[in-house]
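Below, all heavy atoms of this structure are taken into account, side chains as well, without hydrogens, waters or symmetry copies.
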Amino acid sequence: QVQLVESGGGSVQAGGSLSLSCTVSGYNYSSALWCMGWFRQAPGKEREGVASIYRYGGHTYYADSVKGRFAISQDNVRNTVTLQMNSLKPEDTAMYYCAAGRGICRATVMMADFAYWGQGTQVTVSS
């Protein structure tokens with residue numbers, strides 16, 4: 001069973017930055033092929049894909065709404081995935097979730113491709 005734990009959420013003013021971290025553990029994670037992703041869900045809205053990264057090769061994909069502002073990266077030694085969020089806007093306010101899926105990442109970050117989820121960490125951006 002793969003387990004994901006997020007950290008790093010908080011409150012920030014518009015234009016500020018936050019860094020979210022996801023620590024991954026569990027059977028077979030270190031040796032298998034994985035796509036790692038970040039999703040977010042604002043109150044009353046559907047969960048949406050924000051960014052993903054392929055464990056082997058490091059290919060990254062982003063939602064149009066965060067391109068140029070967010071960056072996803074990974075540390076395969078520490079088994080962590082980081083989402084660096086810059087130039088934050090009030091509309092970035094949401095619960096952010098880390099997710100893992102077996103196989104390659106697709107250009108569109110979709111919930112259906114991810115089988116394992118963290119509990120989420122809240123990000124609040126004030127104007």
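Taking each heavy atom of A94 and A42 in turn, the nearest pair found is CB-N, 3.8 Å. Across all their heavy atoms, T82 and S19 have their closest contact at CG2-OG, 3.3 Å. Between S17 and S87 the shortest heavy-atom distance is OG-N, 4.3 Å. Across all non-hydrogen atoms, the minimal contact from L88 to R69 is CA-NH1, 3.9 Å.
In this structure, CZ on F70 lies 14.0 Å from OG1 on T60, to the nearest 0.5 angstrom. In this structure, the separation between CD1 on I53 and CH2 on W38 is 12.0 Å, given to the nearest 0.5 Å. Taking OH of Y54 as the reference point, atom CD of Q74 lies at 10.5 Å (rounded to 0.5 Å).
The side-chain hydrogen bond (donor to acceptor under 3.5 Å, both in side chains) test applied to E48 returns R40, not counting sequence neighbours.
Between T23 and S25, the closest side-chain pair of non-hydrogen atoms is not below 4.5 Å. Counting only heavy atoms from C-beta outward, the side chains of V125 and K89 never approach each other to under 4.5 Å. Side-chain atoms of L20 and M85, non-hydrogen and from C-beta on, do get closer than 4.5 Å to each other.
Linking Ile, Leu, Val, Met, Phe, Trp and Tyr whenever their side-chain heavy atoms come within less than 4.5 Å leaves Y61 and M36 in two separate clusters. Hydrophobic cluster membership is shared by Y56 and I104, with clusters built from Ile, Leu, Val, Met, Phe, Trp and Tyr side chains linked at under 4.5 angstrom. Neither I72 nor M95 shares a network with the other; the hydrophobic side chains, linked directly or stepwise wherever heavy atoms of I, L, V, M, F, W or Y lie under 4.5 Å apart, form separate groups for each. Note: the hydrophobic cluster containing L18 does not contain Y97 (ILVMFWY, side chain heavy atoms under 4.5 Å, direct or indirect links). Note on V50: it clusters hydrophobically with W34, by side-chain heavy-atom contacts below 4.5 Å among ILVMFWY residues.
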Without placing hydrogens or testing angles, list every side-chain donor-acceptor pair under 3.5 Å for residues 107-119, not counting sequence neighbours.
{"unit_1": "D113", "atom_1": "OD1", "unit_2": "R106", "atom_2": "NH2", "d": "2.9"}
{"unit_1": "D113", "atom_1": "OD2", "unit_2": "R106", "atom_2": "NE", "d": "2.9"}
{"unit_1": "D113", "atom_1": "OD2", "unit_2": "R106", "atom_2": "NH2", "d": "3.1"}
{"unit_1": "W117", "atom_1": "NE1", "unit_2": "F114", "atom_2": "O", "d": "3.3"}

Side-chain polar contacts of residues 8-15 - donor-acceptor pairs under 3.5 angstrom, sequence neighbours left out - could you list them?
none

Can you list the steps and then say if Q84 with N86 is a side-chain contact (heavy atoms from CB on, under 4.5 Å)?
CA-CA 7 Å; Q84 177 64 41; N86 301 321; 2.9 Å; yes
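Electrostatic pairing of K67 and D64 counts as a salt bridge here, judged by a charged N lying under 4.0 Å from a carboxylate O.
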